[in-house]
Amino acid sequence: MNPVTMKLVGDDIILRALQEDITYEDVSTQAVCPEARAAEVQLIAKADGVIAGLDVFARTFELLDPSSEVCPKVHDGDEVKAGQLLAMVRGDARALLSGERVALNFLQRMSGIATYTRRMASALDGTDTVLVDTRKTTPGLRVFEREAVRLGGGQNHRFNLSTAVMLKDNHIDAAGGVGAAVRAARERAPFTCMVEVECEGMDMVREALEEGADIIMFDNMEHDEMAAAIKLIAGRAKTEVSGNVDAENIRALADLGVDYISSGALTHSAPILDVSLKHLRMLDA
């Protein structure tokens with residue numbers, strides 16, 4: 001992650017997690033290690049997958065002990081095997097013990113997302129379709145989860161409500177129709193904003209196309225209907241498929257020739273990748 005982003009956004013997220021875990025004192029660590037002592041511990045993979053979030057992992061310990069050091073044996077985006085040594089972590093034993101769970105939580109979550117994303121992105125090999133995420137992220141963790149998607153081989157959709165226009169069913173209902181919604185968006189949004197319209201049938205696709213939408217999303221439309229819509233659009237707008245997309249059906253959707261496939265499952269359904277800190281050793285013994 002960009003170090004500027006880490007300081008401006010990441011540090012606050014990590015500190016909040018640490019404060020949740022340590023309200024005033026880590027009583028277990030204070031009992032067994034009341035004074036500063038140098039130590040090292042191994043970061044080990046307990047399952048096969050794609051590693052992501054090593055910088056977040058390292059930053060967690062740095063915020064507790066600026067002299068801490070993570071010496072990685074792999075890089076973000078690498079595929080790892082169960083039992084593999086991923087890094088050595090050195091620093092004040094108190095910081096290693098107190099930061100362990102929070103650091104692992106971030107790393108496991110991000111690596112799980114990267115692993116599932118890699119699986120889905122691999123299903124698109126040989127096509128021109130791009131896999132993207134959605135805003136269905138864990139509240140407060142979007143910047144980390146979206147970085148994990150990227151490391152897994154996916155791309156990011158709009159980051160938030162301020163970065164692009166997406167007219168969903170309720171927006172369209174509020175405006176009184178697709179055409180009125182697109183025209184209102186063109187009048188209000190900055191000219192740099194793309195305008196995307198979520199369509200549930202061919203009539204909506206036609207209207208979005210006539211109004212000059214930049215991206216037309218097919219939301220839970222039938223396969224044959226989407227094929228007809230892509231033929232109608234004929235490159236005049238980018239196309240996106242969304243709705244109940246997973247690793248089992250993504251290839252069939254890509255074979256339609258759609259430009260983008262978005263999947264909330266990348267962030268809301270990916271299981272963690274199990275990793276562990278083991279074999280802590282005091283260096284001053």
Side-chain angles (χ1 to χ4, degrees), residues 1-47 49-76 80 84-115 137-149 151 267-268 270-285:
M1 181 175 294
N2 183 304
V4 174
T5 302
M6 183 67 80
K7 286 186 177 181
L8 289 177
V9 182
D11 281 6
D12 185 52
I13 297 171
I14 297 168
L15 284 170
R16 286 202 305 270
L18 288 168
Q19 290 160 359
E20 176 185 57
D21 213 31
I22 311 168
T23 52
Y24 68 97
E25 180 180 78
D26 175 356
V27 292
S28 303
T29 295
Q30 188 62 25
V32 301
C33 192
E35 304 295 335
R37 295 184 65 187
E40 70 175 11
V41 66
Q42 298 178 353
L43 176 65
I44 299 172
K46 298 179 71 177
V50 177
I51 202 72
L54 286 169
D55 52 353
V56 179
F57 175 84
R59 187 62 179 158
T60 303
F61 293 111
E62 290 171 3
L63 289 172
L64 292 172
D65 171 20
S67 67
S68 68
E69 182 181 13
V70 173
C71 303
K73 307 295 184 183
V74 297
H75 299 94
D76 277 337
V80 302
Q84 184 174 346
L85 177 64
L86 306 179
M88 296 296 299
V89 187
R90 301 186 180 95
D92 184 340
R94 297 172 301 177
L96 301 185
L97 291 167
S98 294
E100 174 181 354
R101 185 69 268 154
V102 169
L104 288 174
N105 282 350
F106 284 129
L107 187 64
Q108 289 179 323
R109 177 69 179 143
M110 292 181 69
S111 297
I113 290 171
T115 299
T137 52
T138 306
L141 297 184
R142 181 171 297 169
V143 67
F144 291 164
E145 294 182 348
R146 287 230 153 143
E147 176 70 3
V149 168
L151 290 166
T267 50
H268 70 56
I272 67 161
L273 180 70
D274 198 4
V275 295
S276 181
L277 283 173
K278 302 292 287 184
H279 313 305
L280 185 138
R281 181 172 70 93
M282 294 297 186
L283 298 179
D284 59 358

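Residue numbers run from 1 in the order of the sequence given. Note that the structure is predicted; figures quoted are calculated from it, not measured.
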Atom [atom1] in [X], atom [atom2] in [Y]: separation rounded to 0.5 Å?
{"X": "R94", "Y": "R37", "atom1": "CZ", "atom2": "CZ", "answer": "11.0 Å"}
{"X": "E69", "Y": "F61", "atom1": "CD", "atom2": "CZ", "answer": "13.0 Å"}
{"X": "L43", "Y": "K73", "atom1": "CG", "atom2": "NZ", "answer": "11.5 Å"}
{"X": "L18", "Y": "I13", "atom1": "CG", "atom2": "CD1", "answer": "12.0 Å"}
{"X": "R146", "Y": "M110", "atom1": "CZ", "atom2": "CE", "answer": "13.0 Å"}
{"X": "L273", "Y": "K46", "atom1": "CG", "atom2": "NZ", "answer": "11.0 Å"}

Does any non-hydrogen side-chain atom of [Y] lie less than 4.5 Å from one of [X]?
{"X": "T29", "Y": "L96", "value": "no"}
{"X": "L54", "Y": "V74", "value": "yes"}
{"X": "E147", "Y": "T5", "value": "no"}
{"X": "T267", "Y": "T138", "value": "no"}
{"X": "F106", "Y": "L141", "value": "yes"}
{"X": "M6", "Y": "I14", "value": "yes"}
{"X": "V50", "Y": "L151", "value": "no"}

- request: Provide the full list of salt bridge (charged side-chain N to carboxylate O under 4.0 Å, His left out) pairs with a residue in residues 55-64, sequence neighbours left out, each pair given once.
  value: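 Found D11-R59, R59-E62.
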- prompt: Crowded around E25 CD? As in, over 12 foreign heavy atoms under 6.0 Å?
  reply: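 Yes, enclosed.
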task: Establish, from distance only, whether the side-chain atoms of R109 and N105 form a donor-acceptor pair under 3.5 Å.
output: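 On atom types as modelled, these side chains do not qualify, holding no pair under 3.5 Å.
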query: Can you name the side-chain contact (heavy atoms from CB on, under 4.5 Å) partners of I272, sequence neighbours left out?
result: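 Testing I272 for side-chain contact (heavy atoms from CB on, under 4.5 Å), a comparison that skips the adjacent residues, returns Q108.
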message: Just to verify, what does R90 make a side-chain contact (heavy atoms from CB on, under 4.5 Å) with, not counting sequence neighbours?
response: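 Residues passing side-chain contact (heavy atoms from CB on, under 4.5 Å) with R90: E40, C71, M88.
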What are the two closest non-hydrogen atoms of [X] and [Y], and how far apart are they?
{"X": "D76", "Y": "G53", "answer": "OD1-N, 3.0 Å"}
{"X": "I51", "Y": "V80", "answer": "CB-CG1, 4.2 Å"}
{"X": "A87", "Y": "V70", "answer": "CB-CG1, 4.0 Å"}
{"X": "V275", "Y": "A45", "answer": "CG1-CA, 4.1 Å"}
{"X": "L277", "Y": "L104", "answer": "N-CD1, 4.0 Å"}
{"X": "S98", "Y": "D26", "answer": "OG-OD2, 2.8 Å"}

query: With no hydrogens and no angle check, is any side-chain donor or acceptor of D65 less than 3.5 Å from a backbone partner on D92?
result: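 Side chain of D65 to backbone of D92, a donor-acceptor pair under 3.5 Å: yes, one is there.
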- request: Evaluate side chain to side chain contact (heavy atoms under 4.5 Å, CB included) for M1 paired with V9, printing each intermediate quantity in order.
  value: CA-CA 11 Å; M1 181 175 294; V9 182; over 6 Å; no
